[in-house]
Amino acid sequence: MKQAIDALERAIDRLEQNMDRLGPSTSSLPSSGVDATAARAALKSLDALIGELKEGAHG
């Protein structure tokens, strides 16, 4: 379980870095159909979930 959580965390970190490279003013990417604001919100939600999973694994 810990390995899966760590893998998810690394993947999310990479996605967050990619989103940061696009810049904060990018609200959507018409060429890809990606809503950057929604993507950032989803990544934050996943970060929070991983934090909860880690706490549960240690608790």
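Treat the numbers as computed from the prediction; the structure is a model and nothing was measured.
- When the side-chain contact (heavy atoms from CB on, under 4.5 Å) test is applied to D47, the partners found at least two apart in sequence or on another chain are I12, E16.
- With values rounded to the nearest 0.5 angstrom, L43 atom CG is found 11.0 Å from Q17 atom CD.
- Salt bridge D6/K2: present, at least one basic N to carboxylate O contact under 4.0 Å.
- Atom CD of residue E9 and atom CG of residue L53 lie 10.5 Å apart, to the nearest 0.5 angstrom.
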